[in-house]
There are 2 protein chains.
Amino acid sequence: MEQHRLDVFQVIADPSRRQILHLLSKDSRTINSLAENFDMSRPAVSKHIKVLYNAGFISIQDIGRERHCVLKQDGFKELQAWLAYYDKFWGDKLDKLGVLMNDKMNKK
Amino acid sequence: MEQHRLDVFQVIADPSRRQILHLLSKDSRTINSLAENFDMSRPAVSKHIKVLYNAGFISIQDIGRERHCVLKQDGFKELQAWLAYYDKFWGDKLDKLGVLMNDKMNKK
DNA sequence: ATGATAGGTAACCTTTAAGTTACTCAAATG
DNA sequence: CATTTGAGTAACTTAAAGGTTACCTATCAT
């Protein structure tokens, strides 16, 4: 893991991290509470959490010795922006198709 | 590259592949025409194309010895579905906030 | 104060994605 | 038909992501 400055695309490329996000979409959780759901060791989860945090997918509130993880929208926004570009692409393609069909109808 | 059956998340995790998609959003292109835009060798691009193809991000039309690549929506749809789930999450959070504020207003 | 518990850090190992070069094949070109 | 050109395949190398274990720190309970 080592270098924790992955971009959002690399962050969600890992299935374990996606599952962590999914768990957090149900409930706020501590590191150990998350780790229980995985085969991997707690340190491994801990590293994933750091990655998710650095990329803006979660925020963390320390309560005593516990770290409570909560979903955070920032990371998702970057992905939405990227996808929106292609949504527009498909939208435009449909528009053009519509124009073509209109032309055809009018000539008819 | 070797195993070309990456899931959509891993597919877009690679910056070169994202750039290929971006180029294709401007225009249909052949493999060589794509390779011109990169520092890497043509075989490398060729492999990326295979990955993108297998994940449903592009379709390919063979014209003679040329392969013409075009964007395809399938791959994007999986990502949209994934993001939509979290969009809903944020939407719900806002809704709940709205309810809370309404309650407060009514009690006032 | 002592132990148990929540968590981070360091050092290490393994796997694999991503790139390379060298080669081959098939379709254009002349 | 010889040659060039577009592209895929094979074998190999390298860098780094993801995991492990061992150890440390800090907080909570008794």
Side-chain angles (χ1 to χ4, degrees), chain A residues 1-24 27-70 75, chain B residues 1-24 27-70 72 75 79:
Chain A
M1 208 146 293
E2 316 324 328
Q3 236 34 279
H4 336 279
R5 283 278 157 197
L6 310 180
D7 64 84
V8 289
F9 299 95
Q10 280 180 286
V11 169
I12 62 158
D14 185 278
S16 304
R17 284 196 288 266
R18 288 203 303 278
Q19 203 184 331
I20 290 177
L21 292 177
H22 190 253
L23 287 169
L24 292 178
D27 248 321
S28 160
R29 284 174 182 271
T30 65
I31 308 282
N32 270 335
S33 152
L34 283 169
E36 283 167 12
N37 296 275
F38 294 92
D39 280 344
M40 57 185 165
S41 64
R42 193 194 43 69
V45 174
S46 189
K47 287 181 191 176
H48 282 308
I49 291 297
K50 183 179 280 185
V51 170
L52 288 166
Y53 176 79
N54 285 333
F57 284 91
I58 62 175
S59 61
I60 302 177
Q61 193 189 0
D62 290 1
I63 300 180
R65 59 187 166 178
E66 292 182 335
R67 316 203 75 195
H68 292 262
C69 305
V70 186
Chain B
M1 206 147 292
E2 314 325 326
Q3 238 33 279
H4 335 279
R5 284 276 157 197
L6 310 180
D7 65 83
V8 290
F9 299 95
Q10 278 180 288
V11 169
I12 63 159
D14 185 281
S16 303
R17 284 196 287 265
R18 289 202 302 277
Q19 204 184 331
I20 289 177
L21 291 177
H22 190 253
L23 287 168
L24 291 179
D27 248 322
S28 161
R29 283 173 182 272
T30 66
I31 309 281
N32 270 336
S33 153
L34 283 168
E36 284 168 10
N37 296 273
F38 295 91
D39 280 344
M40 55 184 167
S41 64
R42 192 194 45 69
V45 173
S46 190
K47 288 181 190 176
H48 282 309
I49 292 297
K50 183 179 284 186
V51 171
L52 288 166
Y53 176 79
N54 285 332
F57 282 92
I58 63 174
S59 60
I60 302 177
Q61 195 189 359
D62 289 2
I63 300 179
R65 59 185 169 183
E66 292 181 336
R67 317 201 75 195
H68 293 262
C69 307
V70 187
K72 190 178 166 191
L79 296 170

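Throughout, protein chains are lettered first and strands after them, A, B, ... in sequence-line order, and every chain is numbered starting at 1.
- Close to dT20(C), at under 4.0 Å from its OP1 or OP2, lies a side-chain N or O of Ser41(B).
- Residue Lys50(B) contributes atom NZ, which lies 15 Å from atom P of dG19(C) at whole-angstrom precision.
- Atom CZ of Phe38(B) has more than 12 heavy atoms from other residues, nucleotides or ligands within 6.0 Å.
- Smallest separation of non-hydrogen atoms from Lys72(B) and Ser59(B): CB-N, 3.8 Å.
- Contact annotation: Ser46(A) side-chain N/O to dG7(C) OP1/OP2 distance is not under 4.0 Å.
- Within the 3.5 Å criterion, the main-chain N or O of Ser33(A) finds a donor-acceptor partner in the side chain of Asn37(A).
- The nearest pair of heavy atoms linking Ala13(A) to Arg18(A) is O-NH1, 3.2 Å.
- To the nearest angstrom, P of dG8(D) lies 12 Å from OH of Tyr53(B).
- Within the 4.0 Å cut-off from OP1 or OP2 of dG7(C), at least one side-chain nitrogen or oxygen of Asn32(A) is found.
- Put simply, Arg17(A) has a side-chain N or O that comes within less than 4.0 Å of OP1 or OP2 on dG18(D).
- Comparing atom distances between the Ala44(A) side chain and each of dA17(D), dG19(D), dA17(C) picks out dG19(D) as nearest.
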5' to 3', nucleotides 22-30 of chain D under a 4.0 Å protein heavy-atom cut-off (B base, S sugar-phosphate only, - none) gives B----BS--

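- Rounded to an integer number of Å, the gap from Ile60(A) CD1 to dA6(C) P is 17 Å.
- A sub-4.0 Å separation between OP1 or OP2 of dA17(D) and a side-chain N or O of Ser16(A) is absent.
- When rounded to the nearest whole Å, the span between CE of Met40(A) and P of dG7(C) equals 14 Å.
- Distances from the side chain of Glu66(A) to the nucleotides dG8(D), dT9(D), dG7(C) place dG7(C) closest.
- The side chain to side chain contact (heavy atoms under 4.5 Å, CB included) with Leu52(A) is formed by just one residue from the set Ile60(A), Ile58(A), Leu6(A); it is Ile58(A).
- Across all non-hydrogen atoms, the minimal contact from Cys69(A) to Leu24(A) is O-CD2, 3.4 Å.
- Atoms CZ (Phe9(B)) and P (dA17(C)) sit 17 Å apart, rounded to a whole Å.
- One atom, CD of Gln19(B), and another, P of dA18(C), lie 15 Å apart when rounded to the nearest Å.
- Residue His48(A) places its side chain closer to dG19(D) than to any other of dG19(D), dG7(C), dA17(D).
- Between Arg29(B) atom CZ and dA7(D) atom P the separation is 12 Å, expressed in whole Å.
- No hydrogens or angles were tested; on distance alone, nothing pairs the side chain of Lys47(A) with the base of dT9(C) as donor and acceptor under 3.5 Å.
- Under a cut-off of 6.0 angstrom, the local environment of CG in Asp39(A) is sparse, with at most 12 non-hydrogen atoms contributed by other residues, nucleotides or ligands.
- Considering only side-chain atoms of Arg67(B), the nucleotide from dT9(C), dG7(C), dG8(D) that sits closest is dG8(D).
- Between Gln10(B) atom CD and dG18(D) atom P the separation is 9 Å, expressed in whole Å.
- The backbone N or O of Gln10(A) sits less than 3.5 Å from a side-chain atom of Arg17(A), completing a donor-acceptor pair.
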